[in-house]
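When a ligand or atom number is given, it counts from 1 through the structure's own listing order. Source: prediction; values computed, not measured.
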Amino acid sequence: MASQVLGLEEESGPNPGDSELAVNPFDGLPFSSRYYELLEQRRSLPIWAARFTFLEQLESSPSGVVLVSGEPGSGKSTQIPQWCAEFVLARGFQKGRVTVTQPYPLAALSLALQVADEMDLTLGHEVGYSIPQEDCTGPDTLLRFCWDRLLLQEVASTRGTGVWGVLVLDEAQERSVASDLLQGLLRDARLGNLPGDPRVVVVTDPALEPKLQAFWGNPPVVHVLGETGRCSTPVYRDTVPTDRVEAACQAVLELCRKEAPGDVLVYLPSEEEISLCCESLSRDGGSLENQGPPPRVLPLHPGCGQAVQAVYEDIESGARKVVVTHWLADFSFSLPSIRHVIDSGLELRSVYSPQIRAESQVLRPISKCQAEARRLRATGILPGSCLCLYPKSFLELEAPPLPQPRVCEENLSPLILLLKRRQIAEPGECHFLDRPAPEALMQALEDLDYLAALDDNGDLSDLGVILSEFPLAPDLAKALLASCEFDCVDEMLTLAAMLTAAPGFTRPPLCAEEAALRRALEHVDGDHSSLIQVYEAFIQSGADKAWCQARGLNWAALCQAHKLRGELLELMQRIELPLSQPAFGSEQNRRALQKALVSGYFLKVARDTDGTGNYLLLTHKHVAQLSPYCCYRSRRAPARPPPWVLYHNFSISKDNCLSIVSEIQPQMLVELAPPYFLSNLPPSESKDFLNQLREEMADSSTGSESSSTQELGDACVLQ
Ligand SMILES: Nc1ncnc2c1ncn2[C@@H]1O[C@H](COP(=O)(O)OP(=O)(O)OP(=O)(O)O)[C@@H](O)[C@H]1O
């Protein structure tokens, strides 16, 4: 029996009265009074009824796989990891430790904080977390919460993961790319070349249970029963409001005026709407007369960073908490104090289209499963409420039953680079819970081939192996590697960090003063140089928050860019890539930076043929405009938009927008893009122009050791 094997009673954990000397088996110290306080709360979670069954299945499952299925808030994310830690402790850690994956870095961080507290252990010692730019673990860490993509990166890189005793894949219903892929690989035992023979626990919302059961070949399922009779019946609006933010704010104020007790959770589609709603509620909440202290309004989205824990903290004044969020809190961040839910029924998601290599921001109805999860957030002993800002028919007619698998909505190039890195699986052979479209896989392979990441057999080339080491998009990693050739590593490191973590200005300036301060940061060479300039000024300011606020810059994102830059530099030193001295601003550095960028981003080039600001993309027949935040548009007197530009992102959502754009010379494209890429371009005037240029450049360089031939030679090193 599991309880005997584990040496645990069915109702585990000491009781305060049991023994004065009860010690924590994980660190050998006596339990604190807080431990007992939290234990009391933990034992009241619905999942505690399933504790014994879970441990028994973990011990005896023939395949080593256990499925746990239960509603949000039942205690899965906080309790299952602790029981797994008890399981590996009972085995003396001989067969490894526990890793728990989460689809969002913030959820991993927040859970590690809570679980360390519940286990009476020190964060960063026995319990830790790994998220981008932050590894809070140590040699004693036995329970680690990890962003799932990071784990996939570790699995594929040479860094390794140590031995897994138990691997918990939490929130499987979110369908993140990494979670889906890890499941595919584990099912096929493709990770068998890793040390250890892990037990695998897949944790899901009941809606995905049948699919997972079929995928895993009917493993034992532990069902967590929800708390019946505590949820409210949703109330629907007759129409979808034209102004969602306004409608949500009014609904919150109405609850405050009615003095309905309990905290409120508001679901809006996007981070932008969350910010608008928070601003509006903070402004209007103070005007509520005779209704006690004004509500404490808290945003909850990935940009909040560590501040996110505030949603769990008690407020001394007794003020009502109003948490404004989006899809991030559909399944993660269960808040016990929430009594009222206001749901817009929509989500804004980024969807990648491989045919045109473009992202679009899609505003769409949430799935029925998400709507149900949101409704279940309105719990509590007293009656709560769930207001849906849409008619009942809205989701019945338009919503899919389950969240969309992200593997069908993301650019797959980074994923394929990882798969090929450890020769884990051929992308075509890998078992996905839902297969990505063949054209998405083809496009990803084609892009990697153009970037010279693949050899003639379709395996990773030496360059591809190095690219796969970087936590960057493959095109950006290629540009960073190219900067070693062109002697501009210092600047490219900054740019890689900024492009990944801090995309610069994302909203219009709020006032003339802010606009002037922003303009001072713009660089004549384009948005890429502006990003470097922003970073350098940020560092000079001493990473000052007020400095960022005055310019409409995201302080948390810039801090993250700073950390990422350090991480990239360390990685380059470790793999002994040549570095270079800072030279930002010199003419030579300017050209070097352009060349490094073109080496990675030749797939993302557009041309304005007639000076109208309409850019034709080279790789397909789309027309796009520069984003309103592009320096070529915000500058006072633009002579003429640059004819050839390289861009970081193409979004087709609202206005066919190219964002983060810099001018390039077509000669550089001819020099640095692989010749077969240029030959494969669809027919266009630009293609003819480039081919003609190629012939002219080849003619002029024949027989002479011209500098351009030298440059071409340099480029070949990377191709
Ligand atoms: N980071 C945290 N800080 C404080 N309390 C937390 C935290 N995370 C969870 N809790 C508490 O633990 C309880 C159980 O939540 P838990 O996340 O384990 O449930 P769950 O079934 O996994 O739900 P979900 O799928 O929403 O994560 C919650 O009611 C909440 O009180």
Side-chain angles (χ1 to χ4, degrees), residues 34 37-51 54 67-85 100-119 123 127 129 131 136 143 145 148 168-176 179 201-209 222-227 230-231 262-263 265 267 298 300 304-315 321 323 325 327-339 341 369-370 372-381 384 403:
R34 175 149 177 88
E37 224 173 85
L38 291 174
L39 184 62
E40 194 82 4
Q41 291 170 19
R42 290 168 57 200
R43 281 180 168 156
S44 65
L45 289 167
I47 198 164
W48 268 68
R51 178 177 183 278
F54 171 74
L67 208 57
V68 178
S69 164
E71 284 167 358
S74 52
K76 306 180 300 296
S77 302
T78 48
Q79 306 310 303
I80 295 284
Q82 299 187 53
W83 300 339
C84 293
V100 183
T101 64
Q102 287 293 325
Y104 307 115
L106 266 195
L109 179 147
S110 173
L111 280 167
L113 285 167
Q114 174 66 8
V115 170
D117 200 17
E118 289 185 7
M119 291 178 81
L123 187 69
V127 179
Y129 62 88
I131 59 174
C136 182
L143 172 55
F145 290 86
D148 55 15
V168 183
L169 302 172
D170 197 3
E171 313 290 5
Q173 76 289 333
E174 294 263 10
R175 307 300 311 274
S176 73
S179 169
V201 180
V202 183
V203 185
T204 180
D205 184 274
L208 193 67
E209 184 195 316
V222 177
H223 291 104
V224 186
L225 301 175
E227 287 172 292
R230 280 178 52 180
C231 295
D263 292 346
L265 186 59
Y267 284 99
L298 297 164
L300 173 55
C304 297
Q306 292 231 7
V308 82
Q309 269 310 97
V311 297
Y312 286 105
E313 284 161 13
D314 291 331
I315 300 170
K321 241 186 278 178
V323 178
T325 188
W327 39 262
L328 177 68
D330 280 342
F331 301 102
S332 306
F333 297 97
S334 296
L335 305 172
S337 62
I338 296 300
R339 195 73 49 76
V341 169
C369 167
Q370 286 163 278
E372 177 64 3
R374 290 180 181 191
R375 183 180 76 81
L376 292 174
R377 295 296 193 197
T379 55
I381 290 114

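Leu328 contributes atom CG, which lies 9.0 Å from atom OH of Tyr267 (distance to the nearest 0.5 angstrom). Here CD of Glu174 is found 9.5 Å from CG of Asp205. Values are rounded to the nearest 0.5 Å. Atoms CD and OG, on Gln173 and Ser69 in that order, are 9.5 Å from each other to the nearest 0.5 Å.
The proximity of Arg377 to ligand 1, defined as any non-hydrogen pair under 4.0 Å, is limited to the side chain. When non-hydrogen atoms are compared, ligand 1 lies under 4.0 Å from the side chain of Gln309 (C-beta onward) but not from its backbone. Only backbone heavy atoms of Glu71 (N, CA, C or O) come within less than 4.0 Å of ligand 1; its side chain stays farther off.
Looking from atom 1 (N) of ligand 1 to the surrounding protein, the closest heavy atom is Ser110 OG, 2.7 Å. Residue, atom and distance of the protein heavy atom nearest to atom 23 (O) of ligand 1 are Gly73 N, 2.7 Å. Protein heavy atom nearest atom 30 (C) of ligand 1, with residue, atom name and distance: Ser334 O, 3.5 Å. Regarding atom 26 (O) of ligand 1, its nearest protein heavy-atom neighbour is Phe331 O, 2.2 Å. Counting protein heavy atoms only, atom 8 (N) of ligand 1 is closest to Tyr312 OH, 3.3 Å. For atom 9 (C) of ligand 1, the closest heavy atom belonging to the protein is Thr78 CG2, 3.6 Å.
Considering backbone and side-chain atoms alike, Leu45 places every N or O at 3.5 Å or more from each N or O of ligand 1. An N or O contact shorter than 3.5 Å links Gln114 to ligand 1 by distance. When only interatomic distances are considered, the shortest N/O to N/O separation between Gly75 and ligand 1 falls below 3.5 Å. The shortest N or O to N or O distance between Gln79 and ligand 1 is not below 3.5 Å.
In summary, the side chains of Gln79 and Arg51 do not present any donor paired with an acceptor at a separation below 3.5 Å, with no hydrogens or angles considered. No side-chain donor from either of Gln41 and Glu118 sits under 3.5 Å from a side-chain acceptor of the other. Using modelled atom types, one finds a donor on one side chain and an acceptor on the other under 3.5 Å when comparing Asp263 with Ser337.
Ion pairing of Lys76 with Asp170 is absent here, as no side-chain N (NZ or NE/NH1/NH2) approaches a carboxylate O to less than 4.0 Å.
Across every non-hydrogen atom of Ser334 and Pro336, the tightest pair is O-CD, 3.7 Å.
Each of Leu169, Val68, Leu67 was scored for a side-chain contact (heavy atoms from CB on, under 4.5 Å) with Val201, with one residue passing: Val68.
For ligand 1, the atoms lying closer than 4.0 Å to a non-hydrogen atom of Glu171 are 24 (P), 25 (O), 27 (O).
Note: Trp83 and Trp48 have perpendicular aromatic rings, judged against thresholds of 30 and 60 degrees for the angle between ring planes.
Of the candidates Ser337, Ser77, Ser74, Ser77 brings a heavy atom nearest to atom 27 (O) of ligand 1.
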